[in-house]
Amino acid sequence: MSTKTRDHTVVVAIDFGTTYSGYAFSLRSDFLKAKDNCLDQITCTTDVCNSGNLLSEKTPTTLLLDKDKKLVSFGYEAENKYSTMSEEERDEHYYFRRFKMMLYDKDGTLKLSRNTRLKDIRDKELPAMDVFASSIKYMKDDFVKKFQGMNLQATILPLQKYVTWVLTVPAIWDEPAKQFMEEAAERAGISKESLLICLEPEAAAIYCKWLQIERDNEALDTMKPGRRFLVIDAGGGTIDMAMQEVREDGKLQEISRAQGGDWGGIYVDEEYKQMLEDILSKPIIEAFRMKFTGDYIEMFRYFEKKKREKQTGKHVRVTIPSSLLEVSDDIAKCIENQGLANEVVLKKDKFQIKLKKYERFFEKVVVKIIAKVKEMLESDEADDGKVIIMVGGFSESDFLQKRIKNEFKNCKVVIPQGCGLAVLKGAVLYGHDPDIIAARIVKYTYGVAVNTRFVKDKHPESKKKLINGIEYCTDKFDIHVNKDTLVHCNEETEKNYIPIYEDQTSMKFRVFASDTTDPQYIDDKGCREIGSLTVPMPDTTGGTRRTVKAKFKFGATKITVEGIDERSGNSVDVKFDFLEDSP
């Protein structure tokens, strides 16, 4: 989808996060009139009124469905409604929270399909596609309702014509996860023609480009051409990092491939939960989750608030629900039995945790974040004036901010106000101008499977095949672009291929991707088939002297591949399907 060919009225970005989600929008007319002030033209939704004592500009990624799998509510409203339900009512509902990370294929073993199922907080299952689609549909419908209520005299119906939608995804996700989100959006009523996929660190980089962090004649200005900066997008589930450069034309290009991992804020929560299980036992915490689900939710909502606060004392006080006492024996005694009396004290309805113990909740993920930042900064050729910009909800953590500043004292560390909205606002700007990302680093090696003349002592005997009396080497990986190569938007590679048989009336291309550089054969480790296309060649005049062109187009968040029979002009596009057909 290209906004250049669309007469859209508004761009709406949906930031579907692990912990929090939200949407933002801006009118096309406002963007064109005030490009130099484009950040101020973006309207973000807020859900502060339902958030209790935790102020947030987004809403929790929490979905409540009824027994018929129909939407009841989303976000804070879902949390609050579920917490006040009776046990019987909860048994009749589905409650999903923080479920985005189930799409992250950390070690390459996840077989994601359209039928993959997802467990709710009480282990009841539904198809994951339904859960994601319902969540996206809620935000889509909420936008339409609120926009129409604003009476802006702007046309947005039909949506597929007048609205460009942008859906953010982590750059470290693989292709099946991205396709899963696209199909969930389509099921939610967003047409493919009106949808753009935006990588989260790129959205953050676009936002950062417009930040006033440079000083010129005593006044702050936005980043100038030649400026390089590392974006750390620290979310609830994943950490995405990307080194970007502002080009002379004002556009952005990647300097090194986006990297990161599952080191987000929810893993700090897991460390806190592990402490509770160490003190009370895992079965008791699970019993508490099942019996007092509302209090369980509120307990971690309070801990989320505590994570963002600046801690200045020797202890951190974390409130626990009184109902936790009902499912456990003497907690103070349990603390003592676990040898934690010098680190944790129960005082009325609060755990008083020593600061060093509390900071250890963060240590596992922060150490990994710092190591990856060091690696990315060392790989950058620019020696001076390095800038690190921290965005994302987890970047609001005072502890994470201090560790980054202490570890990288030679860098300028910028934490913009409202850093949790950086991805959301940047995604809106991307929807208005997708070409602002001028070049990207290719994540995989891409190519096609070919047969080539067999060469003794060069090709393995196992690959030799006799065709028409000629010895061929089969399964060769013919590379169109290698991983870690910088490619510009809309950049293309073309190669010509000839048929093996004189009377051949079609040519099939099997398209492959590889995690490695310079793979030799399609069955090498790290290679996988990602799609195929068959190009008709009806005119057999010319026999094996005919040519078919394979054209790869790079630079967007997805690649496209086209096959063209040069004699007839027949053209075929490949349809990639990365999702498994069965669970």
Keeping the roles fixed (side chain from K137, backbone from F132), state whether a donor-acceptor pair exists under 3.5 Å.
no
Residues R98, D269: salt bridge by 4.0 Å N-O rule
yes
CZ-CD distance between F288 and E326, expressed to the nearest 0.5 angstrom:
9.5 Å
Do side-chain atoms of T445 reach the backbone of T516 as a donor and acceptor pair under 3.5 angstrom?
yes
Quick one: pull up NZ in K140 and OG in S135 and give me the separation to the nearest 0.5 Å.
13.5 Å
Donor-acceptor pair, side chain of R97 and main chain of T19, under 3.5 angstrom:
no
Could you give me the CA-CA distance, side-chain angles and deciding distance for W173 and F180, then say whether ring pair (Phe, Tyr, Trp, His ring centres under 6.0 Å) is met?
CA-CA 11 Å; W173 270 11; F180 188 95; 8.8 Å; no
S83 (side chain) donor-acceptor with N80 (main chain) under 3.5 angstrom
yes
What's the shortest heavy-atom distance between I320 and Y272, and which atoms?
CG2-OH, 3.9 Å
Give every residue pair that meets the salt bridge (charged side-chain N to carboxylate O under 4.0 Å, His left out) criterion with at least one member in residues 17-26, sequence neighbours excluded.
none
Have T238 and D262 got a donor and an acceptor in their side chains that come within less than 3.5 Å?
no
What distance do L199 atom CG and T168 atom OG1 have between them, rounded to the nearest 0.5 Å?
9.5 Å
Going through the distances and angles, do I279 and L340 end up as a side chain to side chain contact (heavy atoms under 4.5 Å, CB included)?
CA-CA 8 Å; I279 293 171; L340 295 172; 3.7 Å; yes
Tell me whether the count of non-hydrogen atoms from other residues, nucleotides or ligands lying under 6.0 Å of CG in D249 goes above 12.
yes
Strictly by side-chain hydrogen bond (donor to acceptor under 3.5 Å, both in side chains), give each pair with a member in residues 277-288 just once, sequence neighbours left out.
Q274-D278, E286-R289
Salt bridge present between R122 and D120 (N-O < 4.0 angstrom)
no
Evaluate Y267 against F361 for ring pair (Phe, Tyr, Trp, His ring centres under 6.0 Å), listing each step before the verdict.
CA-CA 8 Å; Y267 299 100; F361 296 154; over 10 Å; no
The test is ring pair (Phe, Tyr, Trp, His ring centres under 6.0 Å); show your working for F143 and F147 and say whether it passes.
CA-CA 6 Å; F143 158 73; F147 187 89; 5.4 Å; yes
For R317, is there any backbone N or O sitting under 3.5 Å from a side-chain donor or acceptor partner on Q352?
no
Give the intermediate values and the outcome of side chain to side chain contact (heavy atoms under 4.5 Å, CB included) for residues L346 and I335.
CA-CA 8 Å; L346 178 66; I335 292 171; 4.3 Å; yes
Do S26 and V10 make a side-chain contact, defined as non-hydrogen atoms from C-beta onward lying under 4.5 Å apart?
no
Atom of F74, atom of P60 and distance for their closest heavy-atom approach:
CE2-O, 3.8 Å
Strictly below 4.0 Å, N to O, side chains only: are K251 and D435 in salt-bridge contact?
no
Dump the intermediate steps for side chain to side chain contact (heavy atoms under 4.5 Å, CB included) on Y94 and L64, then the final yes or no.
CA-CA 6 Å; Y94 295 88; L64 181 61; over 6 Å; no
Distance in Å, Q259 CD paired with I441 CD1, rounded so as to fall on 0.5 Å steps:
10.5 Å
Between E396 and K307, does any side-chain N to carboxylate O distance fall below 4.0 Å?
no
Between H432 and F31, what is the ring plane arrangement, given parallel below 30°, perpendicular above 60°, and tilted in between?
parallel
With a sphere of 6.0 Å drawn around NZ of K372, does it hold more than 12 non-hydrogen atoms of other residues, nucleotides or ligands?
yes
To the nearest 0.5 Å, what is the distance between CD1 on I42 and CG on L421?
10.0 Å
Hey, is the main chain of D484 close enough, under 3.5 Å, to the side chain of K443 for a donor-acceptor pair?
no
So, K305 and E309, do they make that salt bridge, N to O below 4.0 Å?
yes
Treating S328 as the side-chain partner and I331 as the backbone partner, does any N or O pair qualify as donor plus acceptor under 3.5 Å?
no
Can you give me the closest heavy-atom contact between Y76 and T59, atom names plus distance?
N-OG1, 3.1 Å
Evaluation steps, side chain to side chain contact (heavy atoms under 4.5 Å, CB included), between K425 and C44:
CA-CA 8 Å; K425 290 186 175 183; C44 295; 3.7 Å; yes
For residues I436 and K209, determine if any side-chain heavy atom of one lies less than 4.5 Å from a side-chain heavy atom of the other.
yes
S73 versus A78, closest heavy-atom pair with distance:
OG-CA, 3.2 Å
Close side-chain approach of Y358 to F399, heavy-atom, < 4.5 Å:
no
Determine whether I255 and Q244 make a side-chain contact, defined as any pair of heavy atoms from C-beta on separated by less than 4.5 Å.
no
Could you tell me if K364 sits above the aromatic ring of W263, with its cationic atom closer than 6.0 Å to the ring centre and no more than 45 degrees from the axis?
no
Answer yes or no: is there a side-chain heavy-atom contact under 4.5 Å between V268 and F394?
yes
Restricting to side-chain hydrogen bond (donor to acceptor under 3.5 Å, both in side chains), what partner residues turn up for S21, sequence neighbours left out?
T61
Check this for me, if you would: do R301 and E304 make a salt bridge, where the nitrogen-to-carboxylate-oxygen distance has to be below 4.0 angstrom?
no
Quick one about Y23 and D142 (side-chain donor to acceptor, distance below 3.5 Å, no hydrogens or angles considered), yes or no?
yes
From CG (L276) to CD1 (I285), nearest 0.5 Å
5.0 Å
Sort and list the pairs that fulfil salt bridge (charged side-chain N to carboxylate O under 4.0 Å, His left out) and have at least one residue in residues 330-357, not counting sequence neighbours.
E343-R360
Once ring-ring contact (aromatic ring centres under 6.0 Å, His included) is applied, do any residues pair with Y82, and if so which ones, sequence neighbours excluded?
Y95
Going through the checks in order, is the salt bridge (Lys or Arg N to Asp or Glu O under 4.0 Å) test met by D174 and K178?
CA-CA 7 Å; D174 59 7; K178 294 175 187 175; over 6 Å; no
Minimum side-chain heavy-atom gap K386-R228 below 4.5 Å
no
side-chain hydrogen bond (donor to acceptor under 3.5 Å, both in side chains) with D295: which residues, sequence neighbours excluded?
S323
Check whether any side-chain heavy atom of V231 sits under 4.5 Å from a side-chain heavy atom of M243, and report yes or no.
no
What pair of heavy atoms forms the shortest contact from S395 to I415, and how long is it?
O-CG2, 4.1 Å
Does a side-chain heavy-atom distance below 4.5 Å link T319 with F303?
no
For C208 against M223, the heavy-atom pair lying closest together
O-CE, 2.8 Å
